[in-house]
**Student:** 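If you scroll down you'll find the structure; I have some questions about it.
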Number of protein chains: 2
Amino acid sequence: MITIKQVAEYAGVSVATVSRALNDSGYVGKESRKKVEEAVEALGYFPNEVARSLFQKTSRMLGLLLPDISNPYFPLLAKGVEDCAQKNGYMVILGNVEEDADKEEMYVKFFSQYNISGILSAASGKKAYGAQVPQVLLDRALEGENYSVSTDDTLGGELAGQAVVDAGAREIIVMAGPRKVSGARDRLSGILSVLNKEQVSYKVLETETFNVEKAEATAQKLFDTFDTFDTVIANNDVFALAVMKEAIKRGFSIPEDIQIIGYDNMLFSRLMYPGLTTVAQPAYEVGYKGAKMLIDLIEKKTVADKRVKLEPELIRRDSLR
Amino acid sequence: MITIKQVAEYAGVSVATVSRALNDSGYVGKESRKKVEEAVEALGYFPNEVARSLFQKTSRMLGLLLPDISNPYFPLLAKGVEDCAQKNGYMVILGNVEEDADKEEMYVKFFSQYNISGILSAASGKKAYGAQVPQVLLDRALEGENYSVSTDDTLGGELAGQAVVDAGAREIIVMAGPRKVSGARDRLSGILSVLNKEQVSYKVLETETFNVEKAEATAQKLFDTFDTFDTVIANNDVFALAVMKEAIKRGFSIPEDIQIIGYDNMLFSRLMYPGLTTVAQPAYEVGYKGAKMLIDLIEKKTVADKRVKLEPELIRRDSLR
DNA sequence: CTCCATTCTGTAACCGATTACACACTCAGT
DNA sequence: ACTGAGTGTGTAATCGGTTACAGAATGGAG
């Protein structure tokens, strides 16, 4: 490994001069700068971030807390984060916390051991109080003095509700989604506000979790507990898919007998048959903008808006009439 | 932040003693050990990994290079990596390189700036020659002196080929997958060896990429170029799904008119209708075992097998007769 | 009682960067 | 020629750990 000392020696100057030349801080003579540049080039030097981090107590690393990477929504978000980080010279450290508060706490501690410079959390929706670095919440906004980037889920709910009403729904089953997730709550209230306004009859099916393993069981439960309905508003595309499968299995056709709308717009929603009408969440953008906001916070640039809400979009395909 | 110096002061011993006590290295008296433990407890001290890393030139961080997180195979793999890392006290740094050699090189450089202790690469299948840390290749094995964990794709191909033959296939379209990916090559040769042995008629459709954006176009191309076939062996589940959709759209029914087998066993393969028969890759396990192997390598434990191959499994559902 | 091995502890060097501070030099203004 | 502001540079301290080394204490063998 080439150190700054070797560069200094090669260039015939002191380490301080090399450091100043590389960081454009303080005064550096023209001659010296040139010699340093040549030395760096000749030796193939690049600074060790660990040493730098030790002194500066910050590290150009972002911690990303995710509730569940195997849920296809999050990889997209992670990709947005990663792209933005990479473009700004930051690294991303991954933490899959699985809705487990202990694991989350452990990660926050890990992060501080590594002098991480900021945290992006899509996990609990709680602020990590252990950490004293900038934080931005992704997708799960929260009351109070927090920075966050999320989808406007109330609007998303309204979009879904309106789409279904426009398609002539008369008896709707609304899957609620986990109450503790703010996005799910907003979505539900968006849906219900439209349904109430339009005076369409509906029933709510409580679903505890977004956990993909539960999707099939939940779909079966839906058909077992309700029997007269013509429309399902699912809480995400995975659950929508499970409901579709169960419906076809039980001899209903889509959208003629039962129409379904999802939420998320995942890859497979476009590829399945019939194509799933759904509300697209800008997952990639949430990740990208969240990372940008965090980096601005870290670098003490002013951030205009503490809580940005991105607009979801209705994607019309073939599962609504 | 609490430093080792403060702990030493509180405990009334020197920093060397504190360090020795915490790392169980060298001699430490009973008395001192107890005082140190008390001080650590009282102050809530935990060591700064950056300082440690600077001296030790290693960092309990693993770099994970992925070709494309938005391909649903990789999050599962990443989850395996993350679980294993976490269990062994390592952190995972994410690098999404998108089959871009420059980006890959850049990440390897980043990694070395952070004194990363090992690299897991599911990306190019090339060894990162810039790095002088242990490396294990995931999913894309390679000839020569490399450590790797991958699926036995030849066997996977045979499984798919045999399943299709057993289901009475007579005219098969085999989607080849990108030739430069070793797994795709192995899979293809596994398929073809069975097909040749059983003397079933087939044609090969070249597909350049696993890129999910191309799935629909590829499916259309398949139906446009061939007209007499009763079976499709897709190169992964996403492509299989796209072919199914195109088939249904064109009025074929599955599996009666056209039967399809996929590869990967993704979440949605179970949830769609009809359920997709496919060959399951143990993605989570590849990640987990790869991480374990890397950690063993880093910690200089002996690793029994340099190149482990995990067995794929045929998942029978409803898309074959 | 002496000697030596073993156990315990502290001082200080070190890892590779950044930066405060002191000092030297140049040059314009008087 | 003198002064002081503006430049340029090197020495050394610093970040928070680990560890080589030296010296002190203990205890058992001869």
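Chain letters run A, B, ... following the sequence lines, proteins first, then strands; residues in each count from 1.
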**Student:** Just call it for B:Lys57: base, sugar-phosphate, or nothing, with non-hydrogen atoms closer than 4.0 Å on any strand.
**Tutor:**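 Since only primed, P, OP1 and OP2 atoms lie under 4.0 Å of B:Lys57, the category is sugar-phosphate.
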**Student:** Counting N and O atoms only, with roles assigned by atom type, does the side chain of A:Ser150 sit under 3.5 Å from a partner on the main chain of A:Leu138, one being a donor and the other an acceptor?
**Tutor:**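 No; judged by distance alone, with no hydrogens or angles, the pair does not exist.
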**Student:** Quick one: is B:Asn48 getting a side-chain N or O under 4.0 Å of the D:dC15 phosphate, OP1 or OP2?
**Tutor:**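 So the side-chain polar atoms of B:Asn48 never come under 4.0 Å of the phosphate oxygens OP1 or OP2 of D:dC15.
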**Student:** Once you round it to whole Å, what is the distance between P of C:dG16 and CD of A:Glu9?
**Tutor:**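 Distance, rounded to whole Å: 13 Å.
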**Student:** It should be established whether A:Tyr27 places a side-chain nitrogen or oxygen under 4.0 Å from OP1 or OP2 of nucleotide C:dT26.
**Tutor:**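 False: A:Tyr27 side-chain N/O out of range (4.0 Å or more) of C:dT26 OP1/OP2.
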**Student:** Pick base, sugar-phosphate or nothing for B:Ser53, based on heavy-atom distances below 4.0 Å to the nucleic acid.
**Tutor:**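 No contact.
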**Student:** Please tell me if the side chains of A:Ile298 and A:Tyr90 come closer than 4.5 Å, counting only heavy atoms from C-beta onward.
**Tutor:**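 Yes; the side chains approach each other to less than 4.5 Å.
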**Student:** Can you tell me if the side-chain N/O atoms of B:Thr17 get under 4.0 Å from OP1 or OP2 in C:dT9?
**Tutor:**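 No, outside the criterion.
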**Student:** Identify, between B:Pro47 and A:Ser14, the residue whose nearest nucleotide on DNA chain D lies closer to the 5' end.
**Tutor:**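 In this pair, the answer is A:Ser14.
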**Student:** Can B:Thr151 and B:Asp153 be counted as having a side-chain donor-acceptor contact under 3.5 angstrom?
**Tutor:**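 No, B:Asp153 and B:Thr151 have no side-chain donor paired with an acceptor closer than 3.5 Å.
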**Student:** Categorize B:Ile2 for me: base, sugar-phosphate, or nothing, with a 4.0 angstrom heavy-atom threshold over every strand shown.
**Tutor:**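 The residue B:Ile2 makes sugar-phosphate contact but no base contact.
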**Student:** In this structure, how many angstroms lie between the P atom of C:dG16 and the CD atom of A:Gln6, rounded?
**Tutor:**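 The answer, rounded to whole Å, is 8 Å.
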**Student:** Nearest whole angstrom, please: distance from the C1' of D:dC15 to the CG of B:Leu54.
**Tutor:**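 Between C1' of D:dC15 and CG of B:Leu54: 9 Å.
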**Student:** Check whether the side chain of A:Arg33 and the base of D:dG8 form a donor-acceptor pair under 3.5 Å.
**Tutor:**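 Not at all, since no donor on one side and acceptor on the other fall under 3.5 Å apart.
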**Student:** Which is true for A:Val13 with a 4.0 Å heavy-atom rule: it touches a base, it touches only sugar-phosphate, or it touches nothing?
**Tutor:**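 Sugar-phosphate, backbone atoms only, no base.
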**Student:** With the side chain of A:Ile4 defined as its heavy atoms from C-beta on, choose the nearest nucleotide among C:dT19, C:dA17, D:dG16.
**Tutor:**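 Side chain of A:Ile4 sits closest to C:dA17.
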**Student:** B:Phe46 has an atom CZ; how far is it from atom C1' of D:dG16, in whole Å?
**Tutor:**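 It is 13 Å, rounded to the nearest whole Å.
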**Student:** Ion pair present between A:Lys103 and A:Glu98, side-chain N to carboxylate O less than 4.0 angstrom?
**Tutor:**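 Yes, A:Lys103 and A:Glu98 are salt-bridged.
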**Student:** Figure out the NZ/P separation between A:Lys35 and D:dT9, and round it to whole Å.
**Tutor:**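 For the pair A:Lys35 NZ and D:dT9 P, the rounded distance is 8 Å.
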**Student:** Heavy-atom nearest nucleotide on DNA chain C for B:Gln56 versus A:Arg52: which residue maps closer to 5'?
**Tutor:**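 Residue closer to the 5' terminus by nearest nucleotide: B:Gln56.
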**Student:** Tell me whether the side-chain N/O atoms of B:Tyr45 come closer than 4.0 Å to OP1 or OP2 in D:dG17.
**Tutor:**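 For D:dG17, OP1 or OP2 has a side-chain N or O of B:Tyr45 closer than 4.0 Å.
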**Student:** Under a 4.0 Å threshold between the charged nitrogen and the carboxylate oxygen, would B:Asp296 count as salt-bridged to B:Lys292?
**Tutor:**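 Yes.
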**Student:** From the set D:dT9, D:dT19, D:dG10, return the single nucleotide nearest to any side-chain atom of A:Ser32.
**Tutor:**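 Of D:dT9, D:dT19, D:dG10, D:dT9 is nearest to the side chain of A:Ser32.
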**Student:** Could you state the atom-to-atom distance from CZ of B:Arg20 to C1' of D:dA20 in whole Å?
**Tutor:**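 It works out to 10 Å between those atoms.
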**Student:** Parallel, tilted or perpendicular, judged at 30° and 60°: which one describes the rings of B:Phe110 and B:Tyr107?
**Tutor:**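 Answer is perpendicular, since the angle exceeds 60°.
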**Student:** Tell me what B:Val28 touches on the nucleic acid: a base, only sugar-phosphate, or nothing, going by heavy atoms under 4.0 Å.
**Tutor:**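 Here B:Val28 touches the backbone only, sparing every base.
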**Student:** Relative to the 5' end of DNA chain D, which residue comes earlier, B:Ser25 or A:Glu31, by the nucleotide with the nearest heavy atom?
**Tutor:**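 Nearest-nucleotide comparison on DNA chain D picks A:Glu31.
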**Student:** Please state how far atom CG in A:Asn23 lies from atom C1' in C:dA17, giving the value in whole angstrom units.
**Tutor:**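 Atom CG in A:Asn23 sits about 9 Å away from atom C1' in C:dA17.
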**Student:** Which of the following nucleotides, D:dT11, C:dT9, D:dT18, is nearest to the side chain of B:Phe55?
**Tutor:**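 My answer, after comparing the listed nucleotides, is D:dT18.
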**Student:** When all nucleic acid strands are considered with a 4.0 Å heavy-atom cut-off, which category describes B:Ser19: base, sugar-phosphate, or nothing?
**Tutor:**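 Here B:Ser19 touches the bases of the nucleic acid.
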**Student:** Measure CG/B:Leu22 against C1'/D:dT18 and give the value in whole Å, please.
**Tutor:**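 About 12 Å, once rounded to whole Å.
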